[in-house]
Protein chains: 2
Amino acid sequence: MEGTGRNSGRLSPMAEPLGQFASLHLELSSTVDRVAAELRRAVFDGELESGTPLREVALAASLGVSRPTVREALTVLVAEGLATREPNRGVAVSTPDPGSVRDICRARLVLEGAGVRRWRDADEQHKDAVRTALVRYTTAVRSGGSYQELNERHLAFHVSLVGLNDSPRLTAMAESLMVELKLALAQVDRLRRNAHDQADSHTALVMLLERGDIDGASEFLRRHLEDAENSIIQALGLV
Amino acid sequence: MEGTGRNSGRLSPMAEPLGQFASLHLELSSTVDRVAAELRRAVFDGELESGTPLREVALAASLGVSRPTVREALTVLVAEGLATREPNRGVAVSTPDPGSVRDICRARLVLEGAGVRRWRDADEQHKDAVRTALVRYTTAVRSGGSYQELNERHLAFHVSLVGLNDSPRLTAMAESLMVELKLALAQVDRLRRNAHDQADSHTALVMLLERGDIDGASEFLRRHLEDAENSIIQALGLV
DNA sequence: AGATGACAGATTGTCGGACAATCTGACAGT
DNA sequence: ACTGTCAGATTGTCCGACAATCTGTCATCT
């Protein structure tokens, strides 16, 4: 019934210049996306504590949208792991427990470790992404960026390590893990000091890589993640 | 407040006997889940070819449910990677291209390889899961199981390798990759012969592991996945 | 007293219909 | 040949409604 195997239906019948206008890019966002983004922001900013039930009607009234829209946004949040749905009982902000933090860090080690071990064979493009992410993190640290921004840059660096694998799916998984990790970090908001002294640690990691010491970098990363895991779990215990 | 994942949210305020009734388990499934399952089945069985648009009203009428329910099921499918949503244009069954197959296999190598390298330190429980998965696959091959069943057992074995990492999230990621892979395999349905000769290959892999030759098993897995990748991509080209 | 059963309130799951915004394709106009 | 316009189809979003389920309270029975 449909036209046979056309690879992708473009908008216009024109030949798609692609040379000109290549940089143009319109960001069309649905209402659901905006609601989900707002909820994410509220969770990360600590406005919604862990365990808070997210009532559909209340949210719909507050945000000025309908209940189905809120519902869809909530399923997005649940899929991301930021919230948990119990059948017939509704959705609530997830409570990060030590077990999941351990799990997340273990998964990170697998993804990031694989990236680090591929440093030699990685595209120059992805190596540059790591260097750039490092610079952006360290400058943010030195210029005294906000807690949110430091976290963002910090985790972006780790994601860039996964990017060395040159696999969009692995990178997407890493980003998903970072979202969950940000939730855990939002819980231990008060103990935010450990973000600073990690800049040097990351620089050392990249220097090991540039020197070609893959095994050293790998081991360094392992310890680095282990430390992060322990400090987060310890901080969680104090909440 | 929270249990660990599985046994959360019990019904009654009673003390939870747990000794008795431990095996009881009521499968409460929402309509959305059933619709999503039906769509998945149809995709894997080849009833819905790749690229087929999934119209909301038509599906709602066919399945005898309302449009919002279908909509939610479709977002589930999209989140799983089985379908693709283009804004204002609807949802269609994903078309696996060589690029994503390559990506999936590369990601698999990272996850499964990490599991294999942890064989020594892995829990006996997870090692047994690998052995069981192998047995179930080989017996299915010998007893001439259906194509669907062979695929299922085959991929389950690979997931069990990821299970050696002892990380629920990594396992979930692997399962998600396998779902996408099943979609690609459903496309090359006619060339299903390569499922047979891989049973020996898997047995050899486990034997290497049992012998403690981790490096050998690791390299073996790399080549095994590379072969799979090439044969799937080649088969895709013939469609 | 302790357990059982009934009931109201609240919340979700699902439904049907409705309307605006957008895309597609064809047709007419310059 | 390019542009403007319009009808049809489809999605995105909204509203209102109802049944099913969970929670907590209270009355009832042994």
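A, B, ... follow the sequence lines: proteins, then strands. Residue 1 opens every chain.
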Can you tell me how far [atom2] of [N] sits from [atom1] of [X], to the nearest Å?
X: A/Leu63; N: D/dT13; atom1: CG; atom2: P; value: 14 Å
X: A/Glu72; N: D/dT11; atom1: CD; atom2: C1'; value: 11 Å
X: A/Glu86; N: D/dC22; atom1: CD; atom2: P; value: 11 Å
X: A/Arg67; N: D/dG12; atom1: CZ; atom2: P; value: 20 Å
X: B/Leu59; N: C/dC15; atom1: CG; atom2: P; value: 13 Å
X: B/Arg89; N: D/dT11; atom1: CZ; atom2: C1'; value: 12 Å
X: A/Arg55; N: C/dT11; atom1: CZ; atom2: P; value: 6 Å
X: B/Arg34; N: C/dG13; atom1: CZ; atom2: C1'; value: 11 Å

Pair A/Ser94, A/Thr84: side-chain N/O donor-acceptor within cut-off below 3.5 Å: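 Present: a donor and an acceptor within the cut-off.
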Residue B/Pro68, side-chain heavy atoms: nucleotide from C/dC15, D/dC22, D/dG12 that is nearest: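 The nucleotide sitting nearest to the side chain is C/dC15.
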Nearest to side-chain heavy atoms of A/Glu56, which nucleotide of C/dC15, D/dC14, C/dT12: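 For A/Glu56, the side-chain atoms sit closest to C/dT12.
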N/O (side chain, B/Ser66) to phosphate O (OP1/OP2, C/dG16) under 4.0 Å: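 For C/dG16, OP1/OP2 do not have a side-chain N/O of B/Ser66 under 4.0 Å.
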N or O in side chain of B/Thr69 less than 4.0 angstrom from C/dC15 OP1/OP2: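 So the side-chain polar atoms of B/Thr69 do come within 4.0 Å of the phosphate oxygens OP1 or OP2 of C/dC15, strictly under.
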Check: B/Ser62 side chain, B/Ala58 main-chain N or O, donor-acceptor pair, under 3.5 Å: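 Confirmed, B/Ser62 side chain pairs with B/Ala58 backbone.
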Note: A/Glu124-A/Arg131 ion pair, threshold 4.0 Å (strictly below):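 The answer is yes: the pair qualifies as a salt bridge.
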Salt-bridge contact B/Arg106-B/Asp103 (side-chain N to carboxylate O under 4.0 Å):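 No salt bridge links B/Arg106 with B/Asp103.
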